[in-house]
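All figures in this text were calculated on a predicted structure; none of them were measured in a lab. Proteins come first, then strands; the chains are lettered A, B, ... in the order of their sequence lines, and each starts at number 1.
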Protein chains: 2
Amino acid sequence: MIEFDPDRTVWAQVYDLLRQRIESGVYKERLPLPSIVHLEQELGIARQTVRKVIAKLADQGYVNAIAGKGTFVRPREDWNASGE
Amino acid sequence: MIEFDPDRTVWAQVYDLLRQRIESGVYKERLPLPSIVHLEQELGIARQTVRKVIAKLADQGYVNAIAGKGTFVRPREDWNASGE
DNA sequence: TAAGATTTGTTCGTATGTATA
DNA sequence: ATATACATACGAACAAATCTT
């Protein structure tokens, strides 16, 4: 389980965590992230909060969610690291 | 169709219903339950809710789900009726 | 061998209600 | 009132195992 900073929102902290895992290669390009259910349990947070994070990661070009299949890490050139 | 008590969760009520059917012999030992799709339609509830109930029944030793075959009622001595 | 149907298993998507700050 | 967060529940698509034709 993870300890969250009570002074920041959970979703912002999870966003940073998952972005780091992508950028550092823990989650590899073109492969799926752990499922939403898995992340819920690993992080001890609600489904909607996980989805909020994934929506933002998708918006930033990090991942691509496909219904019924999974959420895949997009190739590095699609990432939009800075606020660009 | 079944009328659910709005003050209890659907899955808890369906769990009680199916457990009763098993314990009373409506669903017989070593034989398969109606399929998930059948239960969805009979009870008018979502697939995931049925699956949540079956997962709990399996956890309590009442049934054994086998992919591609069905969900079978386990012999009585395997049941874990009380909180034991 | 191949194709199709049935069944359980897994996944993302959406909506509602509740509680809290 | 708004944003955050959790729990429940429904919807839809995809996949794999099993069985039959």
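Interatomic distance, A:Leu43 CG to A:Phe4 CZ, rounded to the nearest 0.5 Å: 5.5 Å. The CD1 atom of A:Ile22 lies 11.0 Å from the CZ atom of A:Arg74; values are rounded to the nearest 0.5 Å. Atom CG in A:Leu39 sits 7.5 Å away from atom CD1 in A:Ile45 (nearest 0.5 Å).
Aromatic ring orientation, B:Trp79 versus B:Tyr62: tilted (interplanar angle from 30° to 60°).
Not counting sequence neighbours, the partners of B:Lys69 by the side chain to side chain contact (heavy atoms under 4.5 Å, CB included) test are B:Ile66, B:Phe72. For B:Gln20, there are no side chain to side chain donor-acceptor pair (under 3.5 Å) partners, not counting sequence neighbours. By the salt bridge (charged side-chain N to carboxylate O under 4.0 Å, His left out) test, A:Asp16 pairs with A:Arg8, A:Arg19, sequence neighbours left out. Residues that satisfy the salt bridge (charged side-chain N to carboxylate O under 4.0 Å, His left out) test with B:Arg30, not counting sequence neighbours, are absent from this structure. Residues passing the side chain to side chain contact (heavy atoms under 4.5 Å, CB included) test with B:Arg21, sequence neighbours excluded: B:Leu17, B:Leu18, B:Val26, B:Tyr27, B:Glu42.
Rounded to a whole Å, the CZ atom of A:Phe4 is 9 Å from the P atom of D:dA5. Rounded to whole angstrom, the span from the CD1 atom of B:Ile45 across to the P atom of D:dG11 amounts to 11 Å. Between the CD1 atom of B:Ile36 and the P atom of D:dG11 there is a distance of 16 Å, given to the nearest Å. Computed from coordinates, the A:His38 NE2 to C:dT11 P distance equals 10 Å when rounded to whole Å. Computed from coordinates, the A:Leu57 CG to C:dC12 C1' distance equals 15 Å when rounded to whole Å. As a whole-Å value, the separation of A:Asp59 CG from C:dG13 P is 14 Å. If you measure from atom CG of B:Asn64 to atom C1' of C:dT7, you get 14 Å, rounded to the nearest angstrom. As rounded to whole Å, 11 Å separates atom P of C:dT7 from atom CG of B:Leu39.
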When the side chains of residues 47-57 of chain A are checked against the rest of the protein, which donor-acceptor pairs come out under 3.5 Å, sequence neighbours left out?
none

Check the interface with nucleotides 1-4 of chain C: list each N/O to N/O pair with the protein under 3.5 Å, or write none.
none

Is there any protein nitrogen or oxygen under 3.5 Å from a nitrogen or oxygen in nucleotides 14-18 of chain C, and what are the pairs?
unit_1, atom_1, unit_2, atom_2, d
C:dT16, O4, A:Gln48, NE2, 3.0

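Neither OP1 nor OP2 of D:dA5 sits under 4.0 Å from any side-chain N or O of A:Lys52. An OP1 or OP2 oxygen of D:dT8 is reached within less than 4.0 angstrom by no side-chain nitrogen or oxygen of B:Thr49.
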B/S/- contact track for nucleotides 16-21 of chain D, protein heavy atom under 4.0 Å: -BSS--
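Residues from residues 27-35 of chain A with heavy atoms under 4.0 angstrom of DNA chain C, sorted by number: A:Ser35. The stretch residues 9-18 of chain B has no heavy atom under 4.0 Å from DNA chain C, so no residue of it qualifies as close.
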Trace of the side chain to side chain contact (heavy atoms under 4.5 Å, CB included) decision for B:Val73 with B:Leu31: CA-CA 6 Å; B:Val73 178; B:Leu31 292 184; 5.9 Å; no
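Other members of the cluster containing B:Val37 do not exist, because no ILVMFWY side chain is joined to it at under 4.5 Å.
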